[in-house]
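Quick note on labels: first sequence line is chain A, next is B, and so on, each numbered from 1.
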Number of protein chains: 2
Amino acid sequence: MPITIADVAARAKVSKTTVSRVLNGKGELDESTAARVRAVIEELGYVPSSRAVGLARGRTRVVGMLVPSLTWPWIGEVIQGAVDVLETERYGLLLFTCNRGEESMRQFGAQVSAKSFDGLLVIEPEGTLDYIATLHRRGLPVVLIDDRDQTSGEIPSVGTTNHDGAGAAARHLLRIGRRSPLVITGPERFGCTLQRNAGFAAVFADAGLPIPAERTWLGDFTVACGAEAVQTALDSGVEFDAVFAHNDLSALGAMQALMDAGRRIPQDVAVVGFDDIPTAAHTQPPLSTVHQPLREMGEAAARTLLAHFEGTPLPNRPTVIPASFVTRGSTVAPTE
Amino acid sequence: MPITIADVAARAKVSKTTVSRVLNGKGELDESTAARVRAVIEELGYVPSSRAVGLARGRTRVVGMLVPSLTWPWIGEVIQGAVDVLETERYGLLLFTCNRGEESMRQFGAQVSAKSFDGLLVIEPEGTLDYIATLHRRGLPVVLIDDRDQTSGEIPSVGTTNHDGAGAAARHLLRIGRRSPLVITGPERFGCTLQRNAGFAAVFADAGLPIPAERTWLGDFTVACGAEAVQTALDSGVEFDAVFAHNDLSALGAMQALMDAGRRIPQDVAVVGFDDIPTAAHTQPPLSTVHQPLREMGEAAARTLLAHFEGTPLPNRPTVIPASFVTRGSTVAPTE
DNA sequence: CTGAAAGCGCTTACAG
DNA sequence: CTGAAAGCGCTTACAG
């Protein structure tokens, strides 16, 4: 039989109200009775039932998190950031994925209606932004971790510097003497694709080296598209001395295709990715890439949501955490 | 103002009891009243508050999951397996990590005491098995996803075939003509290390090729240890034509060291890992490895726990899901 | 077949 | 400074 507030009250010879007050530090209480109650709580190892507290207070002290899938290479970092912050503030994290598609969203919707959590952190599963916006409009506190730079402006969000990150990659390539990069983009419907393209192109244009259409390949963030882009370019005789891929997975595909074609990395072709997934550090050679501050983004999103619970209004413009360029062997030969 | 069971009752002109009954399908009710109540529920979009249901029923319909860290390369697969099963059964998943060490365990303990969930899935953070066992003894339903083959026998668990998986790797190496493998183990305190060693050694011993001590390197599952093992072996003139690493990370280290030393993979040295992390498919060459059925393990653990909630006793011997060998370029040259 | 009432374990006005 | 009572939104004996 689990012990309840009534047990504590009886043993300390006070009312449940008083126990509740020492528990929550509300109201003036005689220090000696408070001490006595605390002693009993300690002695009995009493911890208030979260179910009961939740019902009485109308909040669960739980935050929901919706992500597309847990098997994406970088999603763990984001969640870890959020979990660490929530844990510190004694909140729980209720995890939802969209792994089973429509059915997943239906189950998720049911949990929203059942008020299973006080607020929501979300990495938007594609095509659900309208639904998320609706929830937000109906009063559910929501913070979006906007990995695709889709910010509608309506939902509070945290993102990174896609434009400047790509610019940093471009400057690095120029610095090491590359003049004709092949660009493998993400899907064109994503804001991050536009930003990365623009940021990268601007730097090369400024250097008097505008990137022609034949050196831009519309990709889709898969390994396969990276390989395909390189093969096609090689087959059609397009000259290039570098590859800038909009994510690390397509950079991996590009590297494989280059090696299969006998090109040396980085001597013949330098390769740069975007994301800095764990694999990036372990390719042969290791992949230079634009590091997304994923953990920090998760932390920031969680902090924003918790601050809102304390009364801070949700910010009306995105929180932006800078990306940073990481130099590895795919752009610079190892120095002996 | 969220709508409650009282609203539904009033509108349908019945008691809350009756509404509750149609909600839960309990008791005999007149089909016409039931239909009327259902119509009102539909009309109002009513969903019972999970907080209130939880308090009244004494269960939360939430399962806790404790994992060491979300940034380990294979942990996402396990969680995804669990989430998918829980979602199907309309359970929620409350996620805890041990990322912040002692403090994390303290917060986790508080949530256990607060009865925030009905049962626990755990990938044991090292050194916490006694604590988990204590929770189990005190009545918390627990299922362990036993990645390290530590099974104490006390806690219900699901694991894989470490012994046979390693055996399969050994048979593969023999089949492709390798006779002197270098073995890079995991920490010796782990059951999986013993099993993988035994399973691998037995096959080579049976073939009349026992593995001498000089070709066994005590590793620790890091990339660094894999590189170190190979370098040391090369430096001291130990001959080997294959590497069997007890996990993929150390296999990556071994591959890097081999390439740095100018050895060709797989022509000079074949390399096999264990785990089949996402990176394994994208190394150069791709890594042959023993695939751990991580997602299936997560699913099985979740199903076992849910079955227990329905009255099925927790199994007293581990559920074992077979590992399988995956052949890639690090052991077999690509056929043109 | 249906409902009034008690109970789940807390919190929070309201009194004193 | 402290307590009795109502309330959070459900479920579940118990009656009828």
Side-chain angles (χ1 to χ4, degrees), chain A residues 1-38 40-41 44-62 90 110-118 309, chain B residues 1-38 40-41 44-62 90 110-118 309:
Chain A
M1 28 236 48
I3 85 133
T4 72
I5 196 172
D7 301 322
V8 176
R11 199 150 218 281
K13 305 205 186 307
V14 294
S15 70
K16 295 188 293 175
T17 307
T18 297
V19 177
S20 175
R21 276 198 273 258
V22 349
L23 244 21
N24 302 299
K26 288 183 181 168
E28 325 284 275
L29 5 180
D30 185 293
E31 184 44 48
S32 73
T33 48
R36 182 154 39 94
V37 171
R38 266 191 285 269
V40 174
I41 289 175
L44 266 38
Y46 169 67
V47 177
S49 151
S50 58
R51 292 195 275 273
V53 175
L55 182 57
R57 278 217 262 259
R59 3 212 261 102
T60 53
R61 226 178 164 78
V62 166
R90 289 127 163 279
Q111 298 271 5
V112 174
S113 304
K115 306 195 182 335
S116 300
F117 43 82
D118 301 335
F309 294 157
Chain B
M1 32 236 45
I3 86 131
T4 73
I5 195 171
D7 300 323
V8 176
R11 196 150 223 280
K13 303 201 187 310
V14 294
S15 69
K16 294 188 293 176
T17 307
T18 297
V19 178
S20 176
R21 275 198 273 258
V22 350
L23 243 20
N24 302 296
K26 288 182 183 170
E28 326 282 275
L29 4 183
D30 186 293
E31 184 44 48
S32 75
T33 47
R36 182 154 39 96
V37 172
R38 267 192 284 270
V40 173
I41 288 175
L44 265 38
Y46 169 67
V47 177
S49 151
S50 58
R51 292 196 276 272
V53 174
L55 182 57
R57 278 216 262 258
R59 355 211 267 103
T60 53
R61 227 180 162 79
V62 166
R90 290 127 161 279
Q111 298 271 7
V112 173
S113 304
K115 305 194 180 338
S116 299
F117 43 81
D118 301 336
F309 294 157

### Query
Could you write out DNA chain C as a dot-bracket string, with dots for unpaired bases, | for bases paired across to another strand, and Watson-Crick or G-U pairs counted at under 3.5 Å?
|||.||||||||.|||
### Message
Looking at B:Tyr46, I'd like to know whether one of its side-chain N or O atoms comes within less than 4.0 Å of OP1 or OP2 on D:dG9.
### Response
no
### Task
Among D:dT11, D:dC10, D:dG7, find the nucleotide with the atom closest to the side chain of B:Asn24.
D:dT11
### Task
Starting at atom NZ of A:Lys16, determine the distance to atom C1' of D:dC8, rounded to an integer number of angstrom.
13 Å
#### Entry: Among C:dG3, C:dA13, C:dG9, the nucleotide that comes nearest once only the side chain of A:Arg21 is considered
C:dA13
### Task
Output yes when at least one side-chain N/O atom of B:Ser20 is less than 4.0 Å from OP1 or OP2 of D:dT11, else no.
yes
### Spacing between A:Arg61 atom CZ and D:dC8 atom P, to the nearest angstrom
22 Å
### Message
Looking at A:Arg90, is its backbone amide N or carbonyl O close enough to the side chain of A:Arg61 to form a donor-acceptor pair, meaning the two atoms are under 3.5 Å apart?
### Response
yes
### Closest listed nucleotide, where the reference is the side chain of B:Leu29 and the choices are D:dG7, C:dT2, D:dT2
C:dT2
### Query
For the pair made of CD1 in B:Ile3 and P in D:dG9, what is the distance, rounded to whole Å?
11 Å
### Query
Considering only C:dT11, C:dC8, D:dT2, which nucleotide approaches the side chain of B:Leu55 most closely?
C:dC8
#### Entry: Rounded distance (Å) that lies between atom P of D:dT11 and atom CZ of B:Arg51
15 Å
#### Entry: Between P of D:dT2 and CZ of A:Arg36, the distance in whole Å
8 Å
### Task
Considering non-hydrogen atoms only, spot the tightest contact between A:Asp7 and A:Pro2 and give its length.
OD2-O, 4.1 Å
### Query
Taking atom P of D:dG9 as reference, at what distance in whole Å does atom CG of B:Leu23 sit?
15 Å
### Query
Would you call B:Val22 and B:Ile41 a side-chain contact if the rule is heavy atoms closer than 4.5 Å?
yes
### Query
Is the shortest side-chain N/O distance from A:Thr33 to OP1 or OP2 of D:dT2 below 4.0 Å?
yes
#### Entry: B:Lys26 side chain near D:dT12 phosphate (N/O to OP1/OP2, under 4.0 Å)
yes
### Task
Would you check if A:Arg21 and A:Thr33 make a side-chain contact, meaning some heavy-atom pair closer than 4.5 Å?
no
#### Entry: Nearest heavy atoms of B:Asp118 and B:Phe309, plus distance in Å
O-CE2, 3.6 Å
### Message
I want to check something: taking the side chain as every heavy atom from C-beta on, are A:Tyr46 and A:Leu23 in contact at a cut-off of under 4.5 Å?
### Response
yes
### Query
On DNA chain D, nearest-nucleotide positions of B:Thr17 versus A:Ser15: which is more 5'?
A:Ser15
### Task
Calculate the interatomic distance between A:Arg59 atom CZ and C:dC10 atom P; express it in whole Å.
18 Å
### Query
Around A:Arg36, counting heavy atoms of other residues, nucleotides and ligands shown, do more than 12 lie under 6.0 Å from its CZ?
yes
### Task
Report the nucleotide, chosen from C:dG3, D:dT2, C:dT11, that has the shortest atom-to-atom distance to any side-chain atom of A:Asp30.
D:dT2
### Query
Of B:Glu31 and B:Arg57, whose closest DNA chain C nucleotide lies nearer the 5' terminus?
B:Glu31
### Message
Whole angstroms only, please: what is the NZ-P distance between B:Lys13 and C:dC1?
### Response
23 Å
### Message
Looking at every heavy atom in both B:Ser116 and B:Gln111, which two are closest together, and how far apart are they?
### Response
OG-OE1, 2.8 Å
